Novice: 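The structure follows.
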Amino acid sequence: MASSEEDGPAEEKEHTKKKAIGPFSTAWLTLYNIAMTAGWLVLAIAMIRFYVETGTHKGLYKSLQKTLKFFQTFALLELVHCAFGIVHTSVLVTAVQVSSRIFMVWFVTSSIKQIQNEESVLLFLVVWTLTEITRYSFYTFNLLNHLPYFIKWARYNLFIILYPVGVVGELLTIYAALPYVQRTGMYSLRLPNKYNVSFDYYYFLLIVMCSYIPLFPQLYFHMLRQRRKVLHGEVIVEKED
Ligand SMILES: CCCCCCCCCCCCC[C@@H](O)CC(=O)SCCNC(=O)CCNC(=O)[C@H](O)C(C)(C)COP(=O)(O)OP(=O)(O)OC[C@H]1O[C@@H](n2cnc3c(N)ncnc32)[C@H](O)[C@@H]1OP(=O)(O)O
């Protein structure tokens, strides 16, 4: 069932109001979204295979970190897409979402082997994977004008649970990293040094954890507004960045 069969009159109006994007942008976005859907599907299959073969999640992160780093880093292009107006999304919201993921992958989980087997890592990995398969397949089918209703439904409903669960996974992972970071002083710069600058990664991580309190609700309410717009056809005036 394609979404066009499901659309109510309000939503039809919403669709006709969409700003058109050129054929080159459409082609590029379609390729990008297909590649990202495939990437996250590869990660999902790798996770299932790993668990079936070993019966544990221990060693899972190590086995898939290269693929995860590649596809999560590739998502930086989403900032380029909204900065150039190819997609109608807030640069600020996208920047917070993408940078927090890149930070989790590169500067927390991949940097600290000692925390890679934590259950919280498995938690955010599963949640991110479910989210991204749904999100990128939503964009792909939407661009091809053949959006099955269940994908649209999943895109704008699953996040209600998955977003907070993902945040819990991320925060617990950073929390698990704190003792190691404090003990080793990794990524920290102590005085005296030739630059006369000090930086304590331990406190930086604490600040990052606290920043979830003001920032996460912004993302969550953004998604709730998108949900009302897409599923219920409400016209929502977004503030400029
Ligand atoms: C340096 C240290 C930094 C530390 C920062 C600390 C910050 C802490 C707070 C952050 C917490 C984040 C936690 C998070 O990582 C946890 C999880 O993700 S858990 C999993 C659940 N998550 C989700 O469901 C959210 C997933 N993410 C997103 O949905 C997006 O990234 C987001 C930007 C949040 C929202 O997306 P968007 O605004 O694009 O909404 P829509 O999907 O409805 O799209 C709007 C319109 O844009 C078009 N669009 C967008 N992207 C594309 C694309 N790739 N291809 C084609 N079209 C695209 C879309 O179709 C819509 O167009 P229109 O309105 O015209 O229909």
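Remember, it's 1-based here, ligands and their atoms both numbered in the order they're listed. Small disclaimer: the values here were computed from a predicted structure and weren't measured.
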Novice: What are the two closest non-hydrogen atoms of Ile86 and Ile21, and how far apart are they?
Specialist: O-CG2, 3.3 Å
Novice: Atoms of ligand 1 less than 4.0 Å from Val127 heavy atoms?
Specialist: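 It comes down to these atoms of ligand 1: 19 (S), 20 (C).
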Novice: Residue-level breakdown please: for Arg101 versus ligand 1, do any non-hydrogen atoms fall below 4.0 Å on the side chain, on the backbone, on both, or on neither?
Specialist: side chain
Novice: Using atom types as modelled, flag every donor-acceptor pair under 3.5 Å from a side chain in residues 160-180 to any protein atom, sequence neighbours excluded.
Specialist:
unit_1	atom_1	unit_2	atom_2	d
Tyr163	OH	Gln97	OE1	2.4
Glu170	OE1	Tyr212	OH	2.6
Glu170	OE2	Trp128	NE1	2.9
Thr173	OG1	Ser120	OG	2.9
Thr173	OG1	Gly169	O	2.7

Novice: Which ligand 1 atoms are under 4.0 Å away from a heavy-atom of Asn33?
Specialist: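 In order of number, 53 (C), 54 (N), 55 (N), 56 (C).
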Novice: With atom 64 (O) of ligand 1 as the reference point, say which of Gln72, Lys229, His88 has the nearest heavy atom.
Specialist: Lys229
Novice: Please could you name the atoms of ligand 1 that Met223 approaches to less than 4.0 Å, counting only its heavy atoms?
Specialist: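 Listed by number with element, the hits are 29 (O), 35 (C).
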Novice: In sequence, state the C-alpha distance, the side-chain angles, and the governing distance for Val98 and Leu76, and then conclude on side-chain contact (heavy atoms from CB on, under 4.5 Å).
Specialist: CA-CA 7 Å; Val98 175; Leu76 277 171; 3.9 Å; yes
Novice: What pair of heavy atoms forms the shortest contact from Ser111 to Met186, and how long is it?
Specialist: CB-CE, 3.9 Å
Novice: For Tyr220, which part has a heavy atom under 4.0 Å from ligand 1: side chain, backbone, both, or neither?
Specialist: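 Within the 4.0 Å criterion, Tyr220 makes no contact with ligand 1.
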Novice: Any side-chain donor-acceptor pair under 3.5 Å between Glu78 and Thr94?
Specialist: no
Novice: Can you find a non-hydrogen atom of Tyr156 under 4.0 Å from ligand 1?
Specialist: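 It does, in that a heavy atom of Tyr156 comes within the 4.0 Å cut-off of ligand 1.
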Novice: Who pairs with Tyr202 by side chain to side chain donor-acceptor pair (under 3.5 Å), at least two apart in sequence or on another chain?
Specialist: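 For Tyr202 there are no side chain to side chain donor-acceptor pair (under 3.5 Å) partners, ignoring immediate neighbours.
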Novice: Could you check which of Tyr139, Trp28, Trp128 puts a non-hydrogen atom nearest to atom 51 (N) of ligand 1?
Specialist: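 Looking at heavy atoms only, the winner is Tyr139.
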Novice: So which bit of Met36 gets within less than 4.0 Å of ligand 1, heavy atoms only: side chain, backbone, both or neither?
Specialist: neither
Novice: Examine the side chains of Tyr61 and Glu118 and answer whether a donor and an acceptor come within less than 3.5 Å of each other.
Specialist: no
Novice: Backbone, side chain, both or neither: what part of Val165 comes under 4.0 angstrom of ligand 1, heavy atoms only?
Specialist: neither
Novice: Which one of His81, Met104, Arg155 has a non-hydrogen atom at the shortest distance from atom 42 (O) of ligand 1?
Specialist: Arg155
Novice: Is it the side chain (CB and beyond), the backbone, both or neither of Leu219 that lies under 4.0 Å from ligand 1, heavy atoms counted?
Specialist: side chain
Novice: For ligand 1, which atoms have a heavy atom of Leu215 less than 4.0 angstrom away?
Specialist: 7 (C), 9 (C)
Novice: What heavy-atom pair brings Phe107 and Tyr187 nearest, and what distance separates the two atoms?
Specialist: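 So the minimum-distance heavy-atom pair works out to O-CE1, 4.0 Å.
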Novice: Please work out which of Ser99, Ser90, Ala95 has its closest non-hydrogen atom nearest to atom 3 (C) of ligand 1.
Specialist: Ser99
Novice: Which atoms of ligand 1 have any heavy atom of Phe159 under 4.0 Å away?
Specialist: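 Counting atoms of ligand 1 from 1, those under 4.0 Å from Phe159 are 24 (O).
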Novice: Just verifying a value: how many Å separate Ile151 CD1 and Leu158 CG, rounded to the nearest 0.5 Å?
Specialist: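 Those atoms lie 11.0 Å apart.
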Novice: Can you tell me how far CG of Leu43 sits from CZ of Phe70, rounded to the nearest 0.5 angstrom?
Specialist: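 Atom-to-atom, Phe70:CZ and Leu43:CG are 11.5 Å apart.
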